[in-house]
Amino acid sequence: VKIKTNTVSVLKSKIPGLDKTKAILLDGYDCETAEQRERIIRSSLKVIVEYGIPLLIQTKSDLVLRDLDLLEELNDSGVFVNVSFSLTSLNQDHARIFEPYTCSPLDRLEAMKKISDAGIQTGIILMPVLPFISDSNEELDLLFSRSAENGCEYVIPEPLRVTSSGKQRDMCFGIIR
């Protein structure tokens, strides 16, 4: 993991000129060990809250709950805040195979519930949809119903996209075989 230690100073220098009708996309909680140590996202969120910039977060991690106080502060001030959780499947066996370095899907649903209960819009990015693995009616019905029970307001499906070569392609097709 390469840590961009100047993130907060760059953000502070650029944010005054940002159009407040456009949101910042934040995606970095997935590097949990580095973020727990460096706290770059939390420091960046403090700047975003200070300037009242709309915020979109995409994550596979429940570490976002650590910063719920800042997300609530931004949301309570009337600024747009949205947290999307990437989910592939609620099947624990599939999750261990396809998302081995992320928190469990059930932990993500619990985080979604807490964020939704705080009044912050949340939903799922169904990514990737794995043909013949996570796209059965039963699998999707379970995922959608459990997500709705936990405050999900929307679902954004993303198909499986595998580059023509490289480690990701080799791993994906190796597992599917």
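We count residues from 1, following the sequence as given. These values consider heavy atoms only, across backbone and side chains, with no hydrogens, waters or symmetry-generated copies. Predicted model only: the values in this text are computed from it and were never measured.
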With side chain to side chain contact (heavy atoms under 4.5 Å, CB included) as the criterion, how do Leu25 and Gln58 come out once you've worked through the C-alpha distance, each side chain's angles and the decisive distance to 0.1 Å?
CA-CA 8 Å; Leu25 174 63; Gln58 294 181 24; 3.8 Å; yes
Answer yes or no: is there a side-chain heavy-atom contact under 4.5 Å between Leu143 and Val155?
no
If you measure from CG on Leu140 to OG on Ser134, what distance do you get to the nearest 0.5 Å?
6.5 Å
Point-to-point distance, once rounded to the nearest 0.5 Å, from CG of Asn6 to CD1 of Ile40:
8.5 Å
Looking at every non-hydrogen atom in both residues, tell me the closest pair between Asn82 and Ser84 and how far apart they are.
OD1-OG, 3.3 Å
Is any side-chain heavy atom of Asn91 less than 4.5 Å from a side-chain heavy atom of Glu139?
yes
Output yes when a side-chain donor or acceptor of Thr122 lies under 3.5 Å from a complementary backbone atom of Val83, and no otherwise.
yes
Hey, does the side chain of Asn150 reach the backbone of Ser147 with a donor-acceptor pair shorter than 3.5 angstrom?
no
Report yes if the side chains of Gln92 and Pro105 come closer than 4.5 Å at any heavy-atom pair, otherwise no.
yes
Between Lys60 and Arg108, is there a donor-acceptor pair closer than 3.5 Å when you use the side chain of the first and the backbone of the second?
no
Rounded to the nearest 0.5 Å, the CD atom of Glu158 sits from the CD1 atom of Ile124 at a distance of 12.0 Å
Of all the heavy-atom pairs spanning Ile120 and Glu72, show the shortest one and how long it is.
CD1-N, 3.9 Å
Supply the atom-to-atom distance Leu106 CG to Arg146 CZ, rounded to the nearest 0.5 angstrom.
5.5 Å
Is the shortest side-chain heavy-atom distance between Leu130 and Ser89 below 4.5 Å?
no
Of all heavy-atom pairs between Phe85 and Ser61, which one has the smallest distance, and what is that distance?
CE2-O, 3.7 Å
If hydrophobic clusters are built by linking Ile, Leu, Val, Met, Phe, Trp and Tyr wherever their side-chain heavy atoms come under 4.5 Å apart, do Phe80 and Ile57 end up in the same one?
no
Nearest-0.5 Å distance that lies between atom CG in Leu87 and atom CD1 in Ile125
9.5 Å
Distance col, row Gln121:CD vs Ile115:CD1, nearest 0.5 angstrom, shows 12.0 Å
Between Val47 and the options Ile24, Leu11, Ile53, the side-chain contact (heavy atoms from CB on, under 4.5 Å) test singles out Leu11
With the threshold set at 4.0 Å, does a side-chain nitrogen-carboxylate oxygen contact exist between Lys114 and Asp117?
no
Does the pair Arg39 and Asp67 meet the rule for a salt bridge (charged side-chain N to carboxylate O under 4.0 Å, His left out), with working shown?
CA-CA 10 Å; Arg39 301 175 70 85; Asp67 300 327; 5.5 Å; no
Quick one: does any side-chain atom of Thr88 pair with a main-chain N or O of Met127 as donor and acceptor, under 3.5 Å?
yes
Can a donor-acceptor pair be found, under 3.5 Å and without considering hydrogens, that links the side chain of Ser13 to the backbone of Val10?
yes
Leu109 reachable from Leu142 in the ILVMFWY side-chain graph, under 4.5 Å edges:
yes
Check His94 against Ile133 and note the closest heavy-atom contact, atom names and distance.
CE1-O, 3.4 Å
Residue that, paired with Leu70, satisfies side-chain contact (heavy atoms from CB on, under 4.5 Å) out of Asn75, Ile41, Leu45, Ile48:
Leu45
Test Glu73 against every option in Val49, Leu68, Val79 by the side-chain contact (heavy atoms from CB on, under 4.5 Å) rule and name the one that passes.
Val49
Exam field: side chain Ser116 to backbone Met112, donor-acceptor pair closer than 3.5 Å
no
Closest heavy-atom pair and its distance - Cys152, Ala148
CB-N, 3.9 Å
If you define the side chain from C-beta out and look only at heavy atoms, does anything of Val8 sit under 4.5 Å from Lys12?
yes
